[in-house]
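Everything numeric in this text was worked out from a predicted model, so none of it was measured.
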Amino acid sequence: MSRRRLIGAAGAAGAAALGAAACGSGEGGPAPHDALRGTVVAQTGDIPVGGGDVVIKGKLVVTQPEKGAFKAFSAVCTHAGCTIQEVERNIHCLCHGSEFDIATGEVRHGPADSPLKELSITVDGTDIVLDEKERGA
């Protein structure tokens with residue numbers, strides 16, 4: 001194999017590894033949302049009724065399925081580990097088309113076959129706070 005071909009193959013392998021990391025699960029370390037525990041992650045006025053919003057910094061989704069009822073879920077898709085990109089009437093992962101229910105995190109449309117992890121939150125006035133510890137933990 002020529003030197004040029006070897007360098008090209010190494011570059012392609014590196015790019016492939018980087019691409020896989022973007023959708024990788026990252027198991028073994030703390031979840032991205034753990035860094036936000038005990039802090040305000042959203043304002044109630046920013047979360048639409050019947051929809052939600054993605055908090056990119058902590059890879060979490062905050063929803064309001066019914067007026068005044070707020071939920072939070074991990075924004076890491078259970079199919080391939082991609083980050084959820086949008087929330088409308090459902091939570092959408094645009095990588096492979098999975099959709100999740102905004103009230104329960106259950107799969108509405110695959111390829112994902114596991115629900116999103118629900119995260120415990122507290123609403124304090126207009127602040128939505130990611131709880132320091134999971135309920136029951």
Side-chain angles (χ1 to χ4, degrees):
M1 177 181 278
S2 72
R3 181 176 175 193
R4 178 179 285 175
R5 187 171 243 187
L6 179 65
I7 291 171
L18 217 76
C23 280
S25 67
E27 290 179 26
H33 59 263
D34 286 341
L36 298 180
R37 292 208 176 273
T39 67
V40 175
V41 294
Q43 296 293 308
T44 57
D46 295 337
I47 309 300
V49 176
D53 197 16
V54 180
V55 180
I56 297 296
K57 180 179 173 185
K59 285 194 177 183
L60 59 102
V61 177
V62 179
T63 66
Q64 186 178 189
E66 298 175 5
K67 186 169 177 60
F70 296 91
K71 298 281 194 158
F73 303 95
S74 168
V76 177
C77 181
T78 58
H79 169 245
C82 293
T83 302
I84 300 295
Q85 295 93 355
E86 70 179 23
V87 184
E88 292 174 345
R89 288 178 291 172
N90 290 313
I91 299 167
H92 302 271
C93 180
L94 302 178
C95 288
H96 303 107
S98 293
E99 294 184 16
F100 303 88
D101 187 273
I102 64 169
T104 64
E106 292 291 325
V107 177
R108 304 278 313 234
H109 183 270
D113 60 6
S114 299
L116 295 174
K117 178 182 179 188
E118 186 169 355
L119 306 171
S120 60
I121 55 173
T122 300
V123 177
D124 183 14
T126 60
D127 293 340
I128 300 173
V129 178
L130 183 62
D131 291 344
E132 295 244 7
K133 294 184 179 185
E134 287 298 312
R135 291 186 185 123

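- Atom CZ of Phe70 and atom OG1 of Thr122 lie 12.5 Å apart (nearest 0.5 Å).
- Neither Val49 nor Val55 shares a network with the other; the hydrophobic side chains, linked directly or stepwise wherever heavy atoms of I, L, V, M, F, W or Y lie under 4.5 Å apart, form separate groups for each.
- Of all heavy-atom pairs spanning His79 and Ser98, the tightest one is CB-OG, 4.1 Å.
- Residue-environment remark: CZ (Arg37) exceeds the threshold of 12 foreign heavy atoms within 6.0 Å.
- Taking NZ of Lys59 as the reference point, atom SG of Cys77 lies at 11.5 Å (rounded to 0.5 Å).
- With hydrogens and angles ignored, the 3.5 Å screen pairs a side-chain donor or acceptor of Asp101 with a backbone N or O of Ala103.
- Between the Thr78 side chain and the Ser114 main chain, a donor and an acceptor come within less than 3.5 Å of each other.
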Show the numbers, then the answer: is there a side-chain contact (heavy atoms from CB on, under 4.5 Å) between Ile91 and Ile102?
-> CA-CA 6 Å; Ile91 299 167; Ile102 64 169; 3.9 Å; yes
Pair Leu119-Lys117, side-chain contact (heavy atoms from CB on, under 4.5 Å): steps then yes or no | CA-CA 6 Å; Leu119 306 171; Lys117 178 182 179 188; 4.2 Å; yes
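- For the pair Pro111 and His96, the tightest heavy-atom approach, listed with the atom from each and the gap, is CD-O, 3.3 Å.
- When the options Ile47, Val62, Thr63 are evaluated for a side chain to side chain contact (heavy atoms under 4.5 Å, CB included) with Asp53, the one that passes is Ile47.
- Here the side chains of Gln85 and Cys93 are in contact, with some heavy-atom distance below 4.5 Å.
- For the pair Ile128 and Thr44, the minimum side-chain heavy-atom distance is below 4.5 Å.
- Ile121 and Val61 fall into different hydrophobic clusters, defined by Ile, Leu, Val, Met, Phe, Trp and Tyr side-chain heavy atoms under 4.5 Å apart, directly or through other members.
- Counting heavy atoms from C-beta on, the side chains of Phe100 and Ile84 come closer than 4.5 Å.
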Is there a side-chain contact (heavy atoms from CB on, under 4.5 Å) between Val54 and Val87 once you walk through the steps?
-> CA-CA 7 Å; Val54 180; Val87 184; 3.9 Å; yes
Begin with the C-alpha distance, continue with both residues' side-chain angles, and end with the deciding distance and a verdict on side-chain contact (heavy atoms from CB on, under 4.5 Å) for Glu99 and Val107.
-> CA-CA 6 Å; Glu99 294 184 16; Val107 177; over 6 Å; no
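- Using a 4.5 Å cut-off on side-chain heavy atoms (C-beta onward), Asn90 and His92 make contact.
- A distance-only check finds a donor-acceptor pair linking the side chain of His109 to the backbone of Gly97 [under 3.5 Å].
- Scanning all heavy atoms of the two residues, the minimum distance from Val123 to Gly125 falls at CG1-O, 3.5 Å.
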